[in-house]
Amino acid sequence: TTTTDGQTRTMSSSSAPENANVGCVGPASQEAGKSSACAGCPNQTTCASGAFNSPEAIAKKQHEASVLQNALSDVSHVVLVLSGKG
């Protein structure tokens with residue numbers, strides 16, 4: 001994933017927090033919160049505690065995905081506008 005500041009993040013989990021450090025191993029990793037990439041990350045304590053993988057957090061993610069899927073189910077066409085690309 002490339003961030004708005006041009007940095008590339010390598011994550012083993014698509015559920016890694018948006019504000020994670022570059023090189024984030026992802027909250028589902030065995031190294032979550034302990035990897036060298038976690039140093040200084042605002043989510044380090046939360047990842048290390050396993051809070052992102054709690055049954056409540058997983059249920060919330062599934063509910064949000066379901067709500068989003070329902071909201072977008074009637075979308076039949078998508079228009080992509082790329083402005084200023086030469």
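Side chains included, hydrogens not; waters and symmetry mates left out as well; all remaining heavy atoms used. All figures in this text were calculated on a predicted structure; none of them were measured in a lab.
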Greater than 12 external heavy atoms within 6.0 Å of Glu64's CD | yes

Sequence neighbours left out, cut at 3.5 Å: what donor-acceptor pairs do the side chains of residues 32-50 make with other protein atoms?
unit_1 : atom_1 : unit_2 : atom_2 : d
Ser35  : OG     : Ala37  : N      : 3.3
Asn43  : ND2    : Asn19  : OD1    : 2.8
Gln44  : NE2    : Gly33  : O      : 3.2
Ser49  : OG     : Thr46  : O      : 2.7
Ser49  : OG     : Ala51  : N      : 3.3

Tracing side-chain contacts under 4.5 Å among Ile, Leu, Val, Met, Phe, Trp and Tyr outward from Val78 reaches Leu68, Leu72, Val75

